[in-house]
Amino acid sequence: MRDGHRLEPASDGLGKGTVYAAWERFVRGEDDVRGVRPEVAISWHRCREQYRVDPYLNEAPVAVMEVDHAPEHDVVFVELGFRAALIAHEVGNAGGIVTVTDATGRILGEWGDQATRAIAAECNLAPWYCWAESAVGTNGMGTALEAHAPVLVRGAEHWCQALHDWTCAGVAVRDVVTKEPIAVLNISCWRSPLPVAVGGWLMNAATKTHCALRTRARDAGAALVAAYNHARARSSAPLTAVDTAGKVVIADDTTSVLLGVPASTPAVDPTVRWNPGLPQLIGAARYASKQAARNPDWVGSTQIFTHLADEPTSISIRPVFLCGHLVGHLVSFGTSEGEQLPQAERPAQPRVQPRRVVATRDNRMVLLRLSEVSFAESEGNDVWLATDQGSLRAASPGLDKLDSELAGAGFLRVHRRYVVNLSRIREVERRAKGELFLIMDDQMNKVVPVSRRNAPAVRRALDI
């Protein structure tokens, strides 16, 4: 097990009273989280600021949502149920229970000690109840759905006070292509520690389940390449094949330049596919996936900006199936066939503007005022914030997510790698070929490039 994926307990010197005192302060609205592990503090922040969960809620709500999931996810549920049944006897002997949830946090099954199950029923820790973070706050199941590593939540680390007698650990199984959660395997104990072997049980179950998903994803990649080759033989239109997450599996010479990826190089394995960094293409692929799941004959078209064009380019999207399973899409450039994709709709409810940006430093969470952040820069899978306290790693997993959270709060996406605080721009530099660069007022007076397709939005925002 890699160090980053261990179930780390709280430091021995930080007792229950320290965590509970921090919980009381945070519930009152203070930001002092001394003595609380960063992953727990970040979860509390989501519960208080984003989900607005009542910390004095004493039972989980009924799961009323109709779950819309792909048929292959049923295989994951069955596999995790099998794994849960294998460890149920040992967990039960330790006075614990095992649960499996779907991607919404709805408990699908429960095994283990009968006496503990009876106590769990008092707070609706039972099948058909929802344990997402948005429903009951920080807990092993809901927080595992938000995290990309195993989760341990002990005592007062739970957001809801009614759960402070519980200790739980969970791990999410995620789609190897989209990285979206599919299910969670969780182990809980009441007023007693978890079994020592809990970390091994969870990781073994998740690893074996992921192996089957990776094999299926490689088969899907091979099917996409075959469909791409067949389509190229029949049409001269620039063509690329993308998976259901919008990542490029193969591109011809023309589209490789537009997307900034290698040409004619198949990426069958999901771990080596290319992210073109084009949110419009990714959004179109995800919309197409939803439509194709309802109608296999669906074909759509839209316009997107590419890396080298100042004007949008028309694309047509055609789904590709393998044995009735959607594996991705063929995207033709310069064509417009089928249903026009709708423009992004504004949410019906007004967006709750964030009061803070959450970052991490070593093993601590840092809550930053928006005015303290000059800009955010993506570096691989990490996002770094240039702040008045120096460079800090953002808690949000990905620049797209951070951009969405800060939209309308004075921040603007100016480049596929940068989101800037408009109020922290000191100078705007126009170079010989018309390129725009922003000089920020951070400690280093960082120069941030503006991509050509984002330049009009920057000019409008700055009124220049």
Side-chain angles (χ1 to χ4, degrees), residues 1-9 39 63 67 69-113 116-117 120 125-133 138-154 166-190 192-218 270-271:
M1 191 187 308
R2 291 180 293 175
D3 290 342
H5 287 174
R6 295 182 185 276
L7 287 172
E8 296 290 355
E39 58 268 35
V67 182
H69 64 263
E72 61 268 20
H73 289 185
D74 291 333
V75 177
V76 175
F77 302 148
V78 172
E79 175 70 18
L80 284 185
F82 170 70
R83 299 289 166 190
L86 287 180
I87 62 175
H89 180 70
E90 292 178 88
V91 173
N93 285 342
I97 57 177
V98 189
T99 51
V100 173
T101 80
D102 64 16
T104 69
R106 179 181 62 166
I107 296 180
L108 303 177
E110 185 178 63
W111 300 261
D113 180 66
T116 306
R117 291 179 67 180
L125 179 52
W128 306 113
Y129 290 95
C130 182
W131 282 78
E133 252 193 10
T138 309
N139 70 92
M141 292 167 282
T143 304
L145 288 170
E146 303 272 357
H148 287 262
V151 167
L152 171 67
V153 182
R154 303 197 306 182
W166 288 90
T167 299
C168 52
V171 64
V173 172
R174 293 179 174 272
D175 188 296
V176 296
V177 174
T178 66
K179 307 305 180 185
E180 294 296 323
I182 299 173
V184 170
L185 181 65
N186 178 80
I187 297 173
S188 301
C189 287
W190 186 71
S192 63
L194 292 170
V196 175
V198 66
W201 291 339
L202 293 176
M203 289 306 298
N204 180 63
T207 299
K208 290 184 180 299
T209 307
H210 273 125
C211 283
L213 292 174
R214 280 194 295 270
T215 299
R216 190 173 182 89
R218 284 192 290 269
T271 62

With distance as the sole test, does R174 use its side chain to make a donor-acceptor pair with the main-chain N or O of L145 at under 3.5 Å? yes
Would I187 and L194 count as a side chain to side chain contact (heavy atoms under 4.5 Å, CB included) here? Give the steps. CA-CA 8 Å; I187 297 173; L194 292 170; 4.0 Å; yes
Minimal non-hydrogen separation, G112 against R117, with atom names: O-CD, 3.9 Å
For A120, all residues meeting side-chain contact (heavy atoms from CB on, under 4.5 Å), sequence neighbours excluded: I97, E110, L125, W166
Over all atoms of both residues, closest heavy-atom pair of C189 and P195: SG-CD, 4.1 Å
For the student: nearest non-hydrogen atoms of V177 and A217, plus distance: CG2-CB, 4.0 Å
Contacts of R83 that satisfy salt bridge (charged side-chain N to carboxylate O under 4.0 Å, His left out) - sequence neighbours left out: E79
To the nearest 0.5 Å, what is the distance between CG on N139 and OG1 on T101? 9.0 Å
Would you indicate whether the side-chain heavy atoms of V98 and L185 approach each other to under 4.5 Å? yes
Assess whether side chain to side chain contact (heavy atoms under 4.5 Å, CB included) is satisfied between F82 and V78, documenting all intermediate values. CA-CA 6 Å; F82 170 70; V78 172; 5.6 Å; no
How many angstroms lie between atom CH2 of W128 and atom CG of L108, to the nearest 0.5 angstrom? 6.5 Å
For A172 against A144, the heavy-atom pair lying closest together: CB-O, 3.4 Å
Pairing residues for T215 by the side-chain contact (heavy atoms from CB on, under 4.5 Å) criterion, not counting sequence neighbours: R218, D219
side-chain contact (heavy atoms from CB on, under 4.5 Å) partners for I182, two or more places apart: H73, V76, F77, D175, L213
First locate atom CG of L152, then atom SG of C168, and finally report the distance between them rounded to the nearest 0.5 Å. 7.5 Å
Please table the atom pairs, donor to acceptor, closer than 3.5 Å between any side-chain atom in residues 200-208 and protein atoms at least two apart or in another chain.
unit_1	atom_1	unit_2	atom_2	d
T207	OG1	M203	O	2.7

Is the shortest side-chain heavy-atom distance between W131 and I107 below 4.5 Å? yes
Counting distance only, does the side-chain N/O of T167 pair as donor-acceptor with the main-chain N or O of P193 below 3.5 Å? no
Those residues at least two apart in sequence (or on a different chain) that pass side-chain contact (heavy atoms from CB on, under 4.5 Å) with T143 are S43, R46, E133, T138, V151
CG of D102 to CG of L80, rounded to nearest 0.5 Å, is 11.5 Å
